[in-house]
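Keep in mind that the numbers below use all heavy atoms, side chains included, and drop hydrogens, waters and symmetry copies.
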Amino acid sequence: MPQSFFSDLHNRLVIDDSNFQKYVQPVIDGDVRFRGYKPRDWNAEPYGSSGVAVPMSMPLIPRTEWVERIRDINKAKGLLSQRRKQAGIGPFNQQNTNFCWGNGVLKCFQILRMLQGEDFVDLSPASICCMITNFQNVGGWGTQFLKYLNLKGAVPAQFWPHNAINRKYNTAETMAMRAKFRVPDGGWYDIDPRQSFDATMTLVLLGIPVAVAYNWWGHLVLAEDPIVDKDGRFGLGELNSWGPWGENGDGTFVLMEGKGTPSEAVAPALAV
Amino acid sequence: MRVFGAICTTLGGFLLIALAVSGGGGGLLPATPPPIPGIAKAFLVVHDQANRRNLKPDQLAVLTSTILVDKLNQNGFQSRYWDKSNVLNGTGPIAEAGKKVLAENKPLPWMLISNETAGKGYSGPVETLDGALKHVDEVK
């Protein structure tokens, strides 16, 4: 039976089993690309144990509903990537930091604020990553970042540049600013890694952004759109943190299921 | 003649009631006074983020569609899509209007469209994107 509906990929780069190896190289299309996702230590930090990210309690949307829901979302022009672009929010550029794990989670937080109609405030991933790594340019995972975002909050980029690994920005003034940009206790979902693709798809079908990490890639990015291709394969429209990258130069790409199945995923459950 | 007049008055009354009831699109009377006083043009959807899974796709479209956001922006509405916790923790005219929605136990998601300049407004349940667009047109 022919596929009743398939997503317009809008010329986005598609990564799947056939081409993923190109993107795990340090140099991609002539440019050095930093990542920095350190696989989460599930023994040290078991599923749902962080306090800020609780187990996702909502039932998953069955796969039998996915195509129809994707069609409905496209008809209403309700893809998260469309909302984000409408609000003028682009990708982060982590440049030569190993802070993808901060860029992806913080972008998710920024998009949540945008969806609520909050005024846009550009926030600094480094303002949190540095506090966790003691100002070392090293990797981490999603809930590490989220815990500090819950404990203290982020600093606006105006006062702590996105990628600045420098103690001079850690002042009493910037510490005081953090309280306005925190996430609440239990305010995020920790996604069960055994069903991470279906859970992530459920969330993006509901218009909720998800920070998704891939051990195979050593990278954490943002999932925003549910995708079905003309062969009926499902995937996720994602936003990278490499600035103007990808076929469209807007940081977006598509990861098909398989390579797109997150090793770790967290998403906002409540408002900020 | 008097009987004829009474019949006309009665029928007219029924007609007005029917128009008012159907005019809401959501089966409710449009709120004539602007439901968000203190702001020239404002739009609020109060929803329950934790209950998002139970929304119908038509309702979800109201929360996610760029078409609605475009229309609100083009017509100068300040728009908010707030979880009930935002409303309860918020301050200002939009939060106060949202608190009233919660105090009245309206079924969520609930939509307020307010045009204080024109003295028009709408208050009703979120049902479909087409319905929401129509209500914005009526109030803008």
Quiz item: Is it the backbone or the side chain of A:Ile73 that comes under 4.5 Å from a heavy atom of chain B, or both, or neither?
Solution: neither

Quiz prompt | B:Asp58 bridged to B:Lys56 by N-O distance under 4.0 Å | solution = no

Quiz prompt | Sequence-distant partners of A:Gln158, side-chain hydrogen bond (donor to acceptor under 3.5 Å, both in side chains), two or more places apart | solution = none

Exercise. Please name the pair of heavy atoms, one in B:Leu55 and one in B:Leu60, separated by the smallest distance, quoted to 0.1 Å.
Key: CD1-CD1, 4.1 Å

Exercise. Using non-hydrogen atoms and a 4.5 Å limit, figure out which bit of A:Leu205 sits close to chain B: side chain, backbone, both or neither.
Key: backbone

Quiz item: Is any side-chain N of the basic residue among B:Glu116 and B:Lys41 closer than 4.0 Å to the acidic one's carboxylate O?
Solution: no

Self-check item: Residue part contacting chain B, namely of A:Lys85, when any heavy atom lies under 4.5 Å
Solution: neither

Quiz item: Of all the residues in residues 69-82 of chain B, which have a heavy atom that comes within less than 4.5 Å of a heavy atom in chain A?
Solution: B:Val69, B:Asp70, B:Ser79, B:Arg80, B:Tyr81, B:Trp82

Exercise. Determine whether the side chains of B:Ser85 and B:Asp83 contain a donor N or O and an acceptor N or O closer than 3.5 Å.
Key: yes

Self-check item: A:Gln86 versus chain B, the contacting section by heavy-atom distance below 4.5 Å
Solution: side chain

Exercise. Go through the structure and list residues passing ring pair (Phe, Tyr, Trp, His ring centres under 6.0 Å) with A:Phe234, not counting sequence neighbours.
Key: A:Trp66

Quiz prompt | chain B interface, residue from A:Asp72, A:Ile61, A:Leu115 that has the most non-hydrogen pairs under 4.5 Å | solution = A:Ile61

Quiz item: Side chain, backbone, both or neither: which part of B:Leu129 has a heavy atom under 4.5 Å from chain A?
Solution: side chain

Exercise. Under 4.5 Å, counting heavy-atom pairs only, tell me which of A:Ala76, A:Pro59, A:Ser57 racks up the most with chain B.
Key: A:Ala76

Quiz item: At what distance, to the nearest 0.5 angstrom, does CG of A:Asn248 lie from NE2 of A:His10?
Solution: 9.0 Å

Self-check item: Residue part contacting chain B, namely of A:Arg83, when any heavy atom lies under 4.5 Å
Solution: both

Quiz prompt | Sequence neighbours excluded, every pair satisfying side-chain hydrogen bond (donor to acceptor under 3.5 Å, both in side chains) that has a member inside residues 144-154 of chain A | solution = A:Glu45-A:Lys147, A:Asn150-A:Asp185

Exercise. May I ask you to say whether B:Asp48 pairs ionically with B:Arg53, meaning some side-chain N is under 4.0 Å from a carboxylate O?
Key: no

Quiz item: Can a salt bridge be assigned to the pair A:Lys107 and A:Glu224 using a cut-off of 4.0 Å between side-chain N and carboxylate O?
Solution: no

Self-check item: Part of B:Leu63 within contact of chain A (heavy atom distance under 4.5 Å)
Solution: backbone

